[in-house]
Amino acid sequence: MPIVAKLDEYGKGAWLAFAVLGFIVWWPLGLATLVFLFGSGRMGHGCGQARYEHRMGRLQDKMDRLRDRVGGGQSWGGFGGWGRGPSSGNRAFDEYRDETLRRLEDEQREFHDFLGRLRMARDKAEFDQFMNERRPGAPEAEAGGNA
């Protein structure tokens with residue numbers, strides 16, 4: 001299809017113009033063009049997996065920058081983030097602040113671990129219940145079969 005290759009050379013604008021002209025000439029032609037454009041991915045932002053990976057990469061970069069700030073990186077200053085910022089000039093206070101932040105981070109980590117264990121226990125209980133109901137000869141299955 002030489003027309004497809006030619007329109008691909010000109011980009012999305014050419015495809016849009018072709019779709020508009022298709023609607024003007026005969027509306028099914030314009031509709032077919034739009035279906036082709038979206039079906040082939042020419043008008044989208046790329047395939048869903050690549051877009052997801054791009055967003056996750058950006059999120060990971062942001063999290064790394066945040067972790068550097070919280071982790072004691074002095075380069076960001078204290079511009080309204082969680083960064084510890086520059087020294088206050090009082091070593092005792094700086095040590096107290098660092099120790100308190102470390103303690104809070106440890107508590108947060110422990111809480112997330114606790115939530116993970118809680119979810120796992122709930123999932124296991126739900127799975128065990130499912131398997132018990134599914135087993136042949138289970139009490140509920142026999143009671144339901146006799147009714």
Side-chain angles (χ1 to χ4, degrees), residues 1-89 93-138 140-141 144-145 147:
M1 295 179 106
I3 189 137
V4 171
K6 194 67 168 171
L7 288 173
D8 280 340
E9 286 179 22
Y10 291 116
K12 288 183 180 181
W15 279 109
L16 287 175
F18 186 75
V20 169
L21 286 174
F23 275 111
I24 291 172
V25 172
W26 189 48
W27 70 267
L29 179 63
L31 185 61
T33 303
L34 286 179
V35 168
F36 173 74
L37 288 176
F38 287 108
S40 66
R42 284 178 168 78
M43 294 304 286
H45 293 287
C47 94
Q49 184 67 23
R51 186 175 180 194
Y52 171 77
E53 289 174 5
H54 173 72
R55 284 186 174 183
M56 290 306 293
R58 284 181 46 210
L59 179 62
Q60 185 63 46
D61 291 342
K62 289 178 184 178
M63 291 301 294
D64 290 341
R65 286 195 308 260
L66 181 63
R67 189 175 299 115
D68 289 342
R69 278 172 148 183
V70 172
Q74 300 292 330
S75 61
W76 286 85
F79 302 126
W82 293 340
R84 293 184 176 121
S87 172
S88 67
F93 174 75
D94 290 342
E95 288 177 8
Y96 167 77
R97 177 183 59 192
D98 291 342
E99 179 59 35
T100 302
L101 289 174
R102 268 193 299 276
R103 182 179 51 79
L104 289 172
E105 289 169 357
D106 290 342
E107 287 179 9
Q108 181 183 20
R109 195 174 309 107
E110 290 172 8
F111 180 67
H112 284 292
D113 292 344
F114 169 75
L115 288 178
R117 289 190 309 269
L118 199 62
R119 285 186 195 107
M120 183 62 166
R122 185 188 67 218
D123 290 346
K124 184 173 178 357
E126 289 173 354
F127 178 73
D128 289 344
Q129 179 184 359
F130 169 76
M131 291 304 290
N132 287 336
E133 290 174 0
R134 193 163 181 258
R135 280 192 193 121
E140 291 97 20

Taking all heavy atoms of Ser88 and all of Asp94, pick out the closest pair and write down the distance.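 Smallest heavy-atom distance, with atoms named: OG-OD1, 2.9 Å.
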Heavy-atom pair of closest approach, residues Phe23 and Leu31: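 Closest heavy-atom pair between Phe23 and Leu31: CZ-N, 3.6 Å.
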Could you check whether Asp61 pairs with Arg58 (Lys NZ or Arg NE/NH1/NH2 to Asp/Glu carboxylate O, under 4.0 Å)?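 The answer is no: the pair does not qualify as a salt bridge.
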Steps toward salt bridge (charged side-chain N to carboxylate O under 4.0 Å, His left out) verdict (Arg102, Glu105): CA-CA 5 Å; Arg102 268 193 299 276; Glu105 289 169 357; over 6 Å; no
State the [atom1]-[atom2] distance between [X] and [Y], to the nearest 0.5 angstrom.
X      : Y      : atom1 : atom2 : result
Phe111 : Leu118 : CZ    : CG    : 9.0 Å
Leu21  : Leu16  : CG    : CG    : 11.0 Å
Glu110 : Leu115 : CD    : CG    : 12.0 Å
Leu37  : Trp15  : CG    : CH2   : 5.5 Å

Which donor-acceptor pairs under 3.5 Å do the side chains of residues 119-131 make with protein atoms, sequence neighbours left out?
unit_1, atom_1, unit_2, atom_2, d
Lys124, NZ, Asp128, OD2, 3.1
Gln129, NE2, Glu133, OE2, 3.3

Residues which pass side-chain contact (heavy atoms from CB on, under 4.5 Å) with Glu107, listed by chain and number, not counting sequence neighbours: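 Expected list: Arg103, Leu104.
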With sequence neighbours excluded, what pairs up with Asp106 under the salt bridge (charged side-chain N to carboxylate O under 4.0 Å, His left out) test?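 Once residues adjacent in sequence are excluded, the partners of Asp106 under the salt bridge (charged side-chain N to carboxylate O under 4.0 Å, His left out) criterion are Arg109.
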